Amino acid sequence: MFRRFRSDVIESLKKFDVDERFVRESEHADLACTIAFKIAKERGEKPQDVAEEIASQLSIESEYIGSVEVVNGYINFFASLEFLEDTVNFILDSDENYGSLNLGGEVLIEHTSANPDGPLHIGHIRNSIIGDILARMFRKAGIDVTTHYYVNDMGRQIALTVLGIEKFGISNEKPDHAVAKAYIAINRYLEEHPEERDRIERKVEELMKSYEEGDEKTIELFRDVVNRALEGAKETLRNLNISHDEYVWESEFIRNNYVDRIISMLDERGLIRKNGAWTVDLSDLGYEKEVVIRRENGTTLYVTRDLAYHLWKNENFERFINILGSDHKLIANQLSDILKLIGLKPPEIVFFEFVSLPEGSMSTRKGKFISADELIDRVYREAYEIIKNREFSKEEKKDVAKAVAVGALRYDFIRVSPEKPITFDWKKALDFERQTASYIQYSHARACSILRKAVSEGMPDLEFAAELCTPLERKLVMLLSKFSAVVERVVKELRPNIFADYVMDVAMNFNDFYTQHPVLKAETELRMHRLAIVDACRIVLRNGLELLGIEPLERM
RNA sequence: GGACCCGUAGCCUAGCAUGGAUAAGGCGGCAGCCUCCUAAGCUGCAGAUCGCGGGUUCAAAUCCCGCCGGGUCCGCCA
């Protein structure tokens, strides 16, 4: 709805050459236009005078523009009562579809893609959560989404883990944790027995070579490790409300010839230097070192297979987005540039900074990490503590604690912009007394509770009346109208934290409304008006939480 | 050494792309609010030279240059 209002405002300013850059949201108006500053500068006049002149010449045809004011050179637009009314009625009618867009198109989102050498840790899930929420936002925007987990099954660590299991066996715990144990054990062994390094290094190389060449026995060994790790990761992701449409193994691109194809594409254009190893020279683009795409022993590297994967993406999708840790910046940029050199489309990439522990960065290899499983479990127990004395059944207590815990985790990771580094802090992770998902869930539960009570007391009718709006109610409804505008922005800018902020904003304003405006105690007309607002808020909060992958509880 | 990212109240963060109206929210601190729709809530107060120094501009947290502090990357690893 807000998108309509905005385009109507821009339309009214069209003859002054105004585009969306000069029309912005503001605390002083529903939309404020800053074009007068620019024109005043060109003409050497005062912004205020120019603004007044423009305001007197507006061509307002939209019934959604209620009034226009000029203050300090700003041209301030206010939405009309019709706009508020249409907004609330539209929300009530659209219900679960409110906020949807019809942008069309398709997109592939690759996220998580952690090495299958152990459980997902709290750094990986920043990736998963960004990717999952982006996928949900794209779907809401009416874009066809496919999600991929790219499985690095050809890595050195997998070969090492195979040796680790051979030497130390594998434990009975959750399979991804068991894999990590073997991986950590062999690394420690290597550390303690430097004399063994050469021998094990040779075995690793042999294993990698025969895996790449398709040796049955080796394939079995590698698949066993990878499947164990993946099985555990899937369970963790399921607990976080995350699922992938497909798991794509990088070895597939060896077997289906995409690797050969991408190499000959590069070769045909004379981009490969063959001095023992095969390399691509990117020094014209400012890269210091050549990119190696084939080892001297004939095997390929991660980047080679990734190149092949992206050839496949080019053939199958019009848009593809990768979520990557910032440690991949160099290699990902090299990948993009190589793709461009052979006329292929590079991926769109969302980089995120590291999640580190107070004592430093995490390392699966050294066993220095906090697993997502451990985090989920501890946050769950903390949430359970809070509600254990409430009058819920045991089952319901578990469900509520689970929903609150997962919500808190997801919200904590998504609310900060991807480019900010995060230092993990147990105390904060376990603290619910602050701006977090449970605050939003609570607001939603409150709205549900009022509505429930209204029905049980025999007054279920809703009827929004714009002229009855208090300033706070007006502000709330304007906020509600912005849902799809925010969805559009996130999809365009690939910044899901904006949406987390939006939902929080709605929740805060709803809580303000809640404390200041009695609903069920108000007389009939006002009660119906406020019930309509409550229901509209409920819908926005519920749809918003679902987009964030957080369960909208009706009681808590 | 080179490249990229971050630096906003005691703490965590928004705002920076597209420069504009008193720099926004939370935690923590202090003072209050439950005969009333869930107090996982609300109100008020205190708390900021927007890392530092220059520059551009009528106007800079936002753009440019330099510096400082923190992180990441620079493997025939992934």
Side-chain angles (χ1 to χ4, degrees), chain A residues 19-22 24 26-29 32 34 36-38 40-41 44 46-47 71-74 76 113-115 117 152 154-158 204-205 250 276-279 286-290 292-297 299-303 305-306 325-331 333 351-354 356 360-361 383 386-387 390 404 412 415-423 425 427-428 431-436 438-443 445-454 457 493 495 497-498 500-501 504-505 508 511-512 514-522 530-531 534 555-556:
Chain A
D19 59 43
E20 70 230 355
R21 286 178 305 146
F22 296 100
R24 55 188 50 173
S26 156
E27 46 190 310
H28 305 277
T34 56
F37 291 98
K38 188 188 169 219
K41 186 173 184 176
K46 285 187 179 164
V71 185
N72 297 334
Y74 294 87
N76 289 334
S113 303
N115 288 334
D117 55 15
N152 307 136
M154 299 188 70
R156 233 184 173 75
Q157 346 66 31
I158 306 303
V204 164
E205 259 173 50
E250 63 172 330
W278 295 7
T279 61
Y287 294 97
E288 281 178 33
K289 293 183 180 165
E290 299 180 354
V292 178
I293 59 167
R294 192 173 179 273
R295 293 189 186 91
E296 203 158 358
N297 72 3
T299 56
T300 56
L301 290 98
Y302 175 81
V303 68
R305 294 160 231 138
D306 209 13
S326 63
D327 54 334
H328 284 68
K329 259 186 190 171
L330 178 65
I331 190 70
N333 288 334
F351 288 108
F352 66 94
E353 287 293 325
F354 267 45
S356 52
S361 51
I386 294 172
I387 57 162
R390 308 224 168 154
V404 167
D412 252 0
R415 61 184 256 274
V416 354
S417 6
E419 71 273 14
K420 299 262 189 182
I422 293 179
T423 304
D425 180 344
K427 216 166 80 210
K428 285 182 186 123
D431 179 11
F432 291 96
E433 299 294 313
R434 70 203 171 93
Q435 206 177 33
T436 183
S438 58
Y439 179 95
I440 304 170
Q441 288 170 310
Y442 184 66
S443 309
R446 271 181 154 176
C448 290
S449 168
I450 294 177
L451 265 0
R452 234 181 355 249
K453 213 154 213 162
E457 290 177 12
E493 301 177 20
R495 279 165 51 206
N497 58 301
I498 293 171
D501 230 44
M504 180 58 75
D505 210 12
M508 288 198 286
N511 271 325
D512 277 359
Y514 178 91
T515 45
Q516 292 178 44
H517 301 72
V519 178
L520 298 178
K521 290 207 164 54
R530 290 189 175 156
L531 277 172
V534 172
R555 304 187 329 144
M556 59 190 282

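Not measured: the values here are computed from a predicted model. A note on names: the letters A, B, ... follow the listed sequences, proteins ahead of strands, and every chain is numbered from 1.
For A/Arg446 and B/A39, the shortest distance from a side-chain N or O to OP1 or OP2 is below 4.0 Å. For the OP1/OP2 pair of B/A14 and a distance below 4.0 Å, the side-chain nitrogens and oxygens of A/Ser417 include at least one atom meeting the criterion. For A/Tyr439, no side-chain nitrogen or oxygen approaches OP1 or OP2 of B/G25 to under 4.0 Å. Under 4.0 angstrom from either OP1 or OP2 of B/G71 there lies no side-chain N or O belonging to A/Ser326. Applying the 4.0 Å criterion to OP1 and OP2 of B/A14, one finds that A/Lys420 has a side-chain N or O inside that range. Considering only side-chain N and O atoms, A/Arg24 lies under 4.0 angstrom from the phosphate OP1 or OP2 of B/G20.
Side-chain proximity of A/Lys453 to the nucleotides B/A59, B/G41, B/C37 is greatest for B/C37. In this structure, the nucleotide among B/U22, B/A14, B/C37 sitting nearest to the side chain of A/Val416 is B/A14. The side chain of A/Asn76 lies closest to B/A21, out of B/A21, B/U72, B/A78. Distances from the side chain of A/Lys428 to the nucleotides B/A78, B/G41, B/C12 place B/C12 closest. The side chain of A/Lys329 has B/C5 as its nearest neighbour among B/A21, B/C5, B/C37. Out of B/A14, B/G25, B/A21, the shortest distance to the side chain of A/His28 is found at B/A21. Here the nucleotide nearest the side chain of A/Leu330, chosen from B/U18, B/C73, B/A17, is B/C73.
Along RNA chain B, the nucleotide nearest to A/Phe354 and the one nearest to A/Phe37 differ in position, and the one closer to the 5' end is contacted by A/Phe37. Both A/Val71 and A/Glu288 sit near RNA chain B, but only A/Glu288 has its closest nucleotide nearer the 5' end.
Rounded to a whole angstrom, the distance from the C1' atom of B/A14 to that of B/C50 is 13 Å. With C1' as the reference atom, B/U8 and B/C52 are 14 Å apart, rounded to whole Å. With both ends at atom P, the span from B/G28 to B/C11 equals 16 Å, rounded to whole Å. Comparing B/G69 with B/C30, their C1' atoms sit 33 Å apart, to the nearest whole Å. As rounded to the nearest Å, B/G1 and B/G66 have P atoms that lie 15 Å from one another. B/U56 and B/G70: their C1' atoms are spaced 29 Å apart (whole Å). A distance of about 15 Å separates the C1' atoms of B/U22 and B/A61, rounded to the whole Å. Rounded to a whole angstrom, the distance from the P atom of B/G71 to that of B/C12 is 15 Å.
Rounded to the nearest 0.5 angstrom, A/Ser449 OG and A/Met556 CE are separated by 12.5 Å. Here CD of A/Glu419 is found 7.0 Å from CZ of A/Arg495. Values are rounded to the nearest 0.5 Å. For the atom pair A/Ile387 CD1 and A/Phe432 CZ, the distance stands at 10.0 Å (nearest 0.5 Å).
Pair assignment for B/A61: none, as no Watson-Crick or G-U wobble contacts are both less than 3.5 Å. Of all nucleotides present, only B/C33 satisfies the Watson-Crick or G-U wobble test against B/G41, with each distance under 3.5 Å. In this structure, B/C77 forms no base pair with any nucleotide, since neither Watson-Crick nor G-U wobble geometry is met with both distances under 3.5 Å. Base pairing of B/C50: no nucleotide in any strand meets the Watson-Crick or G-U wobble criterion (both distances under 3.5 Å).
The distance from atom CD of A/Gln516 to atom C1' of B/A39 is 16 Å, rounded to the nearest whole Å. In this structure, A/Met556 atom CE and B/C37 atom P are separated by 18 Å, rounded to whole Å. Residue A/Arg415 contributes atom CZ, which lies 18 Å from atom P of B/A24 at whole-angstrom precision. Going from atom CD1 of A/Ile450 over to atom P of B/C37 covers 10 Å, rounded to whole Å. Taking atom CG of A/Asn497 as the reference point, atom C1' of B/G26 lies 16 Å away to the nearest angstrom.
No hydrogens or angles considered: a donor-acceptor pair under 3.5 Å links the side chains of A/Arg446 and A/Asn511. Side-chain N/O atoms of A/Arg294 and A/Thr300 include no donor and acceptor closer than 3.5 Å.
For A/Thr436 and B/A40, a side-chain-to-base donor-acceptor distance below 3.5 Å is absent, hydrogens and geometry of angles not being considered. Scanning atom types as modelled, one donor and one acceptor separated by under 3.5 angstrom connect the side chain of A/Arg390 and the base of B/A40. Side-chain N/O atoms of A/Asn511 and base N/O atoms of B/A39 include no donor-acceptor pair closer than 3.5 Å.
Taking the O4'-C1'-N9-C4 or O4'-C1'-N1-C2 dihedral as appropriate, B/C74 has a value more than 90° from 0 and is therefore anti.
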For nucleotides 75-77 of chain B, print each protein N/O atom paired with a nucleotide N/O atom at under 3.5 Å, atom names and distance only.
unit_1	atom_1	unit_2	atom_2	d
B/G75	OP2	A/Lys289	NZ	2.0
B/C76	O3'	A/Arg295	NE	3.3
B/C76	O2	A/Glu296	N	2.8
B/C76	N3	A/Glu296	OE1	3.4
B/C76	N4	A/Glu296	OE1	3.2
B/C77	OP2	A/Arg295	NE	2.3
B/C77	OP2	A/Arg295	NH2	2.3

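Stacking of A/Tyr74 onto the six-membered ring of B/A21 is present: less than 5.5 angstrom between centres, less than 30° between planes.
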